> 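One structure, as C-alpha cells, below. Some questions next.
Throughout, numbering of the chain's residues begins at 1 and tracks the sequence. No hydrogens, no waters, no symmetry mates; every other heavy atom, side chains included, goes into these values. Treat the numbers as computed from the prediction; the structure is a model and nothing was measured.
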Amino acid sequence: MLTEVDKQLMKIAFDEAKSGFDSGGCPIGSVLARGGRELSRGHNQRVQQGDPIAHGEMDALRKAGRQKTYRDTVLYTTLSPCMMCSGTIVQFGIPRVVIGENKTFGGNEAFLREHGVEVVIADDPACIALMERFIREKPDLWAEDIAEE
C-alpha cells in the first residue's frame, strides 16, 4: 500500500524519468530515501554518459554516496528493476522498493521478495504512459537498454 510519502517520492522519481527522456535517454527515475526524506535522486543515463550500468537506480545510489547502512532506506523506481539493480538492492540490504510500474517491463520482483525485500507496485498511470511512449518512439533504444536485439 502506498503512503502519502510514497506518492510524493514516486513523483520525484517520475520527474527524474521525464528529465532522462527529455535529454534523449531512457525514462527511468529513482529516489533513495531514509525516514521519508530524500537522500538522492537519479535517472537512467546510459545514453547521456555512454555508461552501460548508469541505470536510474544506480545513478541515485551513486549520488547518495557511501552510506553506513542501507537497511533503513527505501528505493523508489519508476520501472521494475533489472537483475543488475535488483542484485544491488539485495547486496546493500535495502529492505523496501516501491516500483512505479511493471507493465512494460516485468523485472525481478520475485527475486527481490525471495531475498526478503518488501516490493510495492504502484501501477502509476504516468509511469506507464511515459514508458509506453518511449517504447513506441524509440524501440531500438529500448531494445538496447534491456539487452535484446
Side-chain angles (χ1 to χ4, degrees), residues 1-34 36 38-48 51-64 70-149:
M1 175 156 208
L2 290 180
T3 67
E4 284 306 311
V5 170
D6 289 337
K7 292 174 186 175
Q8 292 168 0
L9 291 166
M10 184 55 69
K11 171 70 170 95
I12 294 169
F14 175 79
D15 291 345
E16 282 291 315
K18 183 77 169 71
S19 175
F21 179 80
D22 291 345
S23 63
C26 303
I28 303 161
S30 189
V31 172
L32 183 67
R34 174 177 285 126
E38 175 188 334
L39 289 175
S40 63
R41 63 177 75 182
H43 59 269
N44 185 300
Q45 296 196 52
R46 293 181 69 252
V47 173
Q48 298 90 326
D51 180 349
I53 62 172
H55 289 201
E57 300 90 338
M58 301 303 238
D59 189 42
L61 289 166
R62 205 175 265 133
K63 287 176 179 172
Y70 295 87
R71 297 188 187 283
D72 59 350
T73 63
V74 178
L75 186 69
Y76 296 83
T77 181
T78 57
L79 185 65
S80 188
C82 71
M83 184 51 79
M84 176 182 68
C85 294
S86 294
T88 301
I89 291 163
V90 170
Q91 176 72 30
F92 287 178
I94 297 171
R96 184 170 187 257
V97 176
V98 180
I99 298 169
E101 68 103 352
N102 65 351
K103 304 282 187 246
T104 60
F105 178 76
N108 297 282
E109 295 95 359
F111 172 82
L112 290 168
R113 287 183 179 114
E114 288 166 9
H115 287 86
V117 178
E118 177 189 354
V119 176
V120 178
I121 309 294
D123 285 324
D124 185 279
C127 292
I128 295 167
L130 183 58
M131 280 305 300
E132 287 176 343
R133 178 180 173 196
F134 171 69
I135 292 166
R136 184 175 59 252
E137 292 180 8
K138 299 184 178 183
D140 292 342
L141 185 53
W142 173 237
E144 176 189 327
D145 192 61
I146 59 173
E148 290 185 357
E149 291 185 40

> Does a sphere of radius 6.0 Å around CD in Gln91 hold more than 12 heavy atoms from other residues, nucleotides or ligands, not counting ones at 6.0 Å or beyond?
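No, because the 6.0 Å sphere around CD of Gln91 holds 12 heavy atoms or fewer from other groups.
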> Distance check, rounded to the nearest 0.5 Å: Thr88 atom OG1 versus Leu75 atom CG?
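Atom-to-atom, Thr88:OG1 and Leu75:CG are 10.0 Å apart.
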> Is Ile135 close to Phe105 at the side-chain level, that is, under 4.5 Å between some pair of heavy atoms?
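A side-chain contact is absent here, since even the closest heavy-atom pair is not under 4.5 Å.
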> Output all residues satisfying salt bridge (charged side-chain N to carboxylate O under 4.0 Å, His left out) with Asp124, sequence neighbours left out; order by chain, then residue number.
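Applying salt bridge (charged side-chain N to carboxylate O under 4.0 Å, His left out) to Asp124 gives none.
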> Looking only at heavy atoms, what is the nearest atom pair of Pro139 and Arg136, with distance?
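Distance-wise, the nearest heavy atoms are CD-O, 3.7 Å.
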> Side-chain contact, heavy-atom cut-off 4.5 Å: Ile28 with His43?
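They are not in contact (no side-chain heavy atoms under 4.5 Å apart), so the answer is no.
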> May I ask you to test the Met84-Ile53 pair for a side-chain heavy-atom distance under 4.5 Å?
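The answer is yes; the side chains approach within 4.5 Å.
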> How far does CD of Glu109 sit from OG of Ser80, to the nearest 0.5 angstrom?
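OG of Ser80 is found 3.5 Å from CD of Glu109.
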> Could you pull out all residues at least two apart from Glu38 that satisfy side-chain contact (heavy atoms from CB on, under 4.5 Å)?
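Once residues adjacent in sequence are excluded, the partners of Glu38 under the side-chain contact (heavy atoms from CB on, under 4.5 Å) criterion are Leu9, Ile12, Val31, Arg41.
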> Minimum heavy-atom separation for Ala64 and Ser40, please, with both atom names.
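Closest approach of Ala64 to Ser40, heavy atoms only: CB-OG, 3.4 Å.
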> Give the minimum heavy-atom separation between Gly42 and Asp59, together with the two atoms involved.
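Taking Gly42 first and Asp59 second, the nearest heavy atoms are CA-OD2, 3.1 Å.
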> Going through the distances and angles, do Val98 and Val119 end up as a side chain to side chain contact (heavy atoms under 4.5 Å, CB included)?
CA-CA 6 Å; Val98 180; Val119 176; over 6 Å; no
> Report yes if the side chains of Leu141 and Val47 come closer than 4.5 Å at any heavy-atom pair, otherwise no.
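SC-SC contact between Leu141 and Val47 confirmed.
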> If you look at every heavy atom in Tyr70 and Phe92, which pair is closest and at what distance?
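Taking Tyr70 first and Phe92 second, the nearest heavy atoms are CB-O, 3.3 Å.
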> Any side-chain heavy-atom pair from Met10 and Val120 closer than 4.5 angstrom?
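Met10 does not reach Val120 side chain to side chain.
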> Compare every heavy atom of Thr104 with every heavy atom of Ile128, then report the nearest pair and how far apart it is.
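Residues Ile128 and Thr104, closest heavy atoms: O-CG2, 4.4 Å.
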> What's the spacing between Lys103 NZ and Cys127 SG if we round to 0.5 Å?
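Separation between the atoms: 12.0 Å.
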> Could you tell me if the side chain of Val117 sits less than 4.5 Å from the side chain of Ile94, heavy atoms only?
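SC-SC contact between Ile94 and Val117 ruled out.
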> Any heavy-atom pair between the side chains of Ile99 and Pro81 that's under 4.5 Å?
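Pro81 reaches Ile99 side chain to side chain.
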> When rounded to the nearest 0.5 angstrom, what is the spacing between CG in Leu39 and OG1 in Thr73?
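Going from CG on Leu39 over to OG1 on Thr73, the span is 7.5 Å.
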> When you measure from the side chain of Arg46 to the backbone of Ala54, do you find a donor-acceptor pair of N or O atoms at a distance under 3.5 Å?
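A pair under 3.5 Å: no.
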> Say you draw a straight line from CD of Gln8 to OH of Tyr76; how long is it, rounded to the nearest 0.5 Å?
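Gln8 CD to Tyr76 OH: 9.5 Å, rounded to 0.5 Å.
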> Can you give me the closest heavy-atom contact between Gln48 and Ser23, atom names plus distance?
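Scanning both residues completely, I find the closest heavy atoms to be NE2-OG, 2.7 Å.
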> Could you give the distance from CD (Gln45) to OG (Ser19), rounded to the nearest 0.5 Å?
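Going from CD on Gln45 over to OG on Ser19, the span is 8.0 Å.
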> May I ask you to test the Met131-Pro27 pair for a side-chain heavy-atom distance under 4.5 Å?
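Sidechains of Pro27 and Met131: in contact.
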> Could you go step by step and tell me if Ser30 and Glu16 meet the side chain to side chain contact (heavy atoms under 4.5 Å, CB included) rule?
CA-CA 7 Å; Ser30 189; Glu16 282 291 315; over 6 Å; no
